[in-house]
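Data block below; observations after.
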Amino acid sequence: MSWDKLTVEQQQQVEHQLSILKRGAAEIVPEEALKMKIMKAVVTGKPLKVKLGLDPSAPDIHIGHTVVLHKLRQFQDLGHEVQLIIGDFTGRIGDPTGKSETRKQLSEEDVKHNAQTYQTQLGKVLDLNKTSFYYNSTWLGELRFDDVLRLAGKVTVARMLERDDFAKRYATNQAIHVHEFFYPLMQGYDSVSLESDIELGGTDQTFNILMGRTLQGAYEMKESQVAILMPLLEGLDGVQKMSKSLRNYIGIDEHPNDIFGKTMSIPDTLMLKYYELTTALPNTEIEELRHGLEAGTIHPRDAKIKLAKGYVKMYHGAIAAEEAEQHFITVFQKRALPDEIEEVSLEGGHLEDGSLSIIRLLVSLSLQASNGEARRSVEQGAVKLNEMKVTDIHAQIKPVDGDILQVGKRKFVKIKLV
């Protein structure tokens, strides 16, 4: 299909789609093929089939996960079809990407249970009416052993060892089980089964996604899929990839006040990246924001408040966004206590001499999960009793009715002795 054969209107439509779909992408493989696919879709009116595979072993979504979801939503808004694959079959192996050892296989029951949580969370970003859900056990579970041998014969062991994680484990004599080689093969076979035009994923999924291109070619499909690889989003520390295990994340199901407060702690240097990758703000408005920040006509705090409010509105609604903004202004900008503080009961009659250690108090009130966590919070100056810092880990506290204990910027409880 030749560019010159398109009408001016069709050319403008192709350029418009490319400007949106290329936004924020780390790499498009191959980029020219994406343009050709969009040209074909514009001319024929047939939407592209855009695939994303989901690992059902980790169903709790944070802002970092939404990077690819927002890209999918852009495809939807441009009229294309979204194919969401719940890896209920591949999930029994688990993606070995980035793993230094063999992952424990999930049971079928575990996979099904985890998969059920996805639709509600995904619906906060995607239009579920325009989303097709698939379970890859539908086709992978039907393969006979000779089909599996034929699939395995499409790729060499040398190709598999091109993966950094496999190569490192092989070089250090760490076990690589044969079934782990089948994960990228099965993910690639998903693209063959669904005849996907595009596959999305993070840059850590490059090998798996390119395997889809390889297998589509090996099975003699007319066109191989295009890989759109999205960057990994740094977390609140500004360094490491956003991760629950690193506690540098913003969960989309967290309390609105927590989402708002955490967003306000995003490093200024990353704010535009968050806007670009995790919001639907138009490109023109992002450029205006960029110029305003560079010129000093927009204060970073104001830009962050807009981002925080946008997140809460997206995941909890407009009313929650207004309330979260007011809570932030009241608690942090005016340095006042919130109007409503959760009251937590404490059995005062069981206290020796009417007192207990600050560490035990924090754990007893469920403000901290463990003694170690409580100790670190005290040492870091994050604990306040009636707005006065408590910095001595050995401090003995004599709580009374109405005492307000605070950890960090977002956790408050009012003590009720019983």
Is the shortest heavy-atom distance from the side chain of Asp147 to the side chain of Leu151 under 4.5 Å? no
Side chains of Asp197 and Val226 in contact at under 4.5 Å (non-hydrogen atoms): no
Tell me, please, which residues at least two apart from Lys262 pass side chain to side chain donor-acceptor pair (under 3.5 Å). Glu254
For His62 and His65, take the angle between the two ring planes, folded into 0 to 90°, and tell me which bin it lands in: parallel under 30, tilted 30 to 60, perpendicular over 60. parallel
Nearest heavy atoms of Tyr189 and Leu215, plus distance in Å: N-CD1, 3.6 Å
Given the options Lys168, Gln174, Arg169, Thr172 meets side chain to side chain donor-acceptor pair (under 3.5 Å) only with Gln174
Could you check if a side-chain atom of Val363 sits within less than 4.5 angstrom of a side-chain atom of Ser370, using non-hydrogen atoms only? no
Could you tell me whether the side chain of Lys414 reaches within less than 4.5 Å of the side chain of Glu342, counting heavy atoms only? no
Check: Thr203/Glu27 side-chain N/O donor and acceptor closer than 3.5 Å: no
Which residues satisfy the side chain to side chain donor-acceptor pair (under 3.5 Å) test with Lys49, sequence neighbours excluded? none
So for atom NZ, which belongs to Lys37, do other residues, nucleotides or ligands contribute more than 12 heavy atoms lying within a distance under 6.0 Å? yes
Is the number of heavy atoms from other residues, nucleotides or ligands within 6.0 Å of NZ (Lys273) greater than 12? yes
Quick one: do the Tyr311 and Thr279 side chains pair a donor with an acceptor below 3.5 Å? no
Side-chain H-bond candidate by donor/acceptor type, Arg23 with Asn283, under 3.5 Å: yes
Does the side chain to side chain donor-acceptor pair (under 3.5 Å) test come out yes or no for Thr7 and Glu9, once each step is laid out? CA-CA 5 Å; Thr7 66; Glu9 184 179 357; 5.3 Å; no
Residues Arg159 and Thr214: side-chain donor-acceptor under 3.5 angstrom: yes
Can you check whether Val29 reaches Ile209 side chain to side chain, under 4.5 Å on heavy atoms? no
Check: residues 125-134 side-chain donor-acceptor pairs under 3.5 Å, at least two apart:
from	atom 1	to	atom 2	distance (Å)
Asp127	OD1	Asn129	N	3.0
Thr131	OG1	Gln76	NE2	2.7
Thr131	OG1	Asp127	O	2.8

Given the rule in the side chain to side chain donor-acceptor pair (under 3.5 Å) test, do Asn208 and Arg163 qualify, once you have shown the distances and angles that lead to the verdict? CA-CA 9 Å; Asn208 290 343; Arg163 282 182 57 143; 2.8 Å; yes
Do other residues, nucleotides or ligands put more than 12 heavy atoms under 6.0 Å from Lys124 NZ? yes
Ring geometry between Phe260 and Phe328 (parallel below 30°, tilted from 30 to 60°, perpendicular above 60°): tilted
Do the ring planes of Phe75 and His80 sit parallel (below 30°), tilted (30 to 60°) or perpendicular (above 60°)? perpendicular
Go through the structure and list residues passing salt bridge (charged side-chain N to carboxylate O under 4.0 Å, His left out) with Glu323, not counting sequence neighbours. none
Does a side chain donor of either Gln225 or Ser196 reach within less than 3.5 Å of an acceptor in the other side chain? no
Is the shortest side-chain N to carboxylate O distance from Glu195 to Lys51 below 4.0 Å? no
Would you indicate whether the side-chain heavy atoms of Glu199 and Gln83 approach each other to under 4.5 Å? no
Asp190: salt bridge (charged side-chain N to carboxylate O under 4.0 Å, His left out) partners, not counting sequence neighbours: none
Does Asp164 have any salt bridge (charged side-chain N to carboxylate O under 4.0 Å, His left out) partners at least two apart in sequence or in another chain, and if so, which? none
Do Gln240 and Asp237 have side-chain atoms, one donor and one acceptor, less than 3.5 Å apart? no
